[in-house]
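Structure, as structure tokens:
The figures here come from the full heavy-atom set of this structure, side chains too, leaving out hydrogens, waters and symmetry mates.
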Amino acid sequence: GKLLCAHGPLNIQKKFCKGLAAAIFNDRSKVVLEEAENPYQMLDSNKVDVAVSIVRVAMDNDVYEKHTGKGYSYTYPYHYDGIRFGGESKFLNCTQRLDGFFGYCKGVRICVRVQDDFNAVSEWYPSSMIKLVRNFSDFYESFHTGKCNILAGISVYISKEQLIEHTNDTSYESSYSTGDLLISRQVSAVVTREDDSEWSDFVK
């Protein structure tokens, strides 16, 4: 068999998937890697066995995750972070003040990658200013083409390095930065289906 593993855009997440395959099958090549567009839905549809991605770990998701109506199991957290903003200085300065209502700040347009991030940002900005993007390539491309001027998400996903890697535009080296303001906090872990004890017991 092979491990079906959903991952985010970071190389360390892909390596984590391969490490799990090596531990299970004694062969790190016995893994099928899938980009984690929606980890819970991918798990629910049996498209993957485990998700090594950034998901919101909370007691309610352990029992009932609202988008799939199922419960999920988590490992001990491997990453602590929160949702923050990244962009070029003009509009990034607006988001550091949570301003989208005065002067040029009314032009703020924010791209988010997952529903949880959309919900968090919509507590501060109207939904008309937020664009929910369903995969990582579109997330960065939407910023690059001007469909949005702010990226919102955890630090590793909105980093300058990730933006440059996905757009091949080195001008962001000097023009793009991330802000310090955290609008929510998140704990991340490897997630499996609650009713799939084979995988849940192993990753724990």
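- Proximity of a side-chain donor or acceptor of Ser45 to a complementary backbone N or O of Met42 within less than 3.5 Å is detected.
- To the nearest 0.5 angstrom, Leu163 atom CG is 11.0 Å from Ser177 atom OG.
- The distance from the CG atom of Asp49 to the NZ atom of Lys2 is 12.5 Å, given to the nearest 0.5 Å.
- Partners of Tyr140 by ring-ring contact (aromatic ring centres under 6.0 Å, His included), not counting sequence neighbours, listed by chain and number: His166.
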Inset, instruction - Before giving the answer on side-chain contact (heavy atoms from CB on, under 4.5 Å), spell out for Val48 and Leu43 the whole-Å C-alpha distance, their side-chain angles and the decisive distance to 0.1 Å. - result: CA-CA 5 Å; Val48 297; Leu43 286 163; 3.8 Å; yes
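- Applying the salt bridge (charged side-chain N to carboxylate O under 4.0 Å, His left out) definition to pairs two or more places apart or across chains, those involving residues 89-114 are Arg97-Asp99.
- Taking all atoms of both residues into account, the shortest heavy-atom contact from Asn168 to Glu165 is OD1-O, 3.8 Å.
- In this structure, the ring-ring contact (aromatic ring centres under 6.0 Å, His included) partners of Phe136, at least two apart in sequence or on a different chain, are Tyr157.
- Here the SG-CE distance, from Cys105 to Met129, works out to 8.5 Å after rounding to the nearest 0.5 Å.
- Residues meeting the ring-ring contact (aromatic ring centres under 6.0 Å, His included) test with Phe118, sequence neighbours left out: none.
- Atoms CD1 and CG, on Ile24 and Leu3 in that order, are 5.0 Å from each other to the nearest 0.5 Å.
- At distances below 3.5 Å, not a single donor-acceptor pair connects side-chain atoms of Ser142 with backbone N or O atoms of Lys147.
- Other residues sharing the hydrophobic cluster of Phe101, ordered by chain and number and joined by side-chain separations under 4.5 Å: Phe102.
- Between the OG atom of Ser159 and the CZ atom of Arg84 there is a distance of 11.5 Å, given to the nearest 0.5 Å.
- Counting heavy atoms from C-beta outward, Ile158 and Phe85 have side chains that stay 4.5 Å or more apart.
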Inset, instruction - Might you work through the side-chain contact (heavy atoms from CB on, under 4.5 Å) test for Thr167 and Phe143, ending with a clear yes or no? - result: CA-CA 9 Å; Thr167 62; Phe143 182 87; over 6 Å; no
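- For the pair Val52 and Cys5, the minimum side-chain heavy-atom distance is below 4.5 Å.
- Without hydrogens or angle criteria, Asp117 side chain to Ile83 main chain gives no donor-acceptor distance under 3.5 Å.
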Inset, instruction - May I have the step-by-step check of side-chain contact (heavy atoms from CB on, under 4.5 Å) for Tyr104 and Cys94, ending in yes or no? - result: CA-CA 9 Å; Tyr104 65 81; Cys94 295; 3.4 Å; yes
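- Each of Ile130, Leu132, Ile150 was evaluated against Val121; a single residue qualifies, Ile130, per the side-chain contact (heavy atoms from CB on, under 4.5 Å) test.
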Inset, instruction - List the steps and the verdict of side-chain contact (heavy atoms from CB on, under 4.5 Å) for Asp44 and Arg193. - result: CA-CA 7 Å; Asp44 183 45; Arg193 289 181 293 274; over 6 Å; no
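- Contact detail for Ala21 and Val31: the closest heavy-atom pair is CB-CB, 3.9 Å.
- Note that CD1 of Ile183 and CG of Leu98 are 7.5 Å apart. Values are rounded to the nearest 0.5 Å.
- The closest donor-acceptor contact from the side chain of Lys160 to the backbone of Glu173 lies under 3.5 Å.
- One N or O on the side chain of Gln96 and one on the backbone of Leu181 form a donor-acceptor pair closer than 3.5 Å.
- The hydrophobic cluster around Leu182 extends to none of the other residues, as no ILVMFWY side-chain heavy atom falls under 4.5 Å of it.
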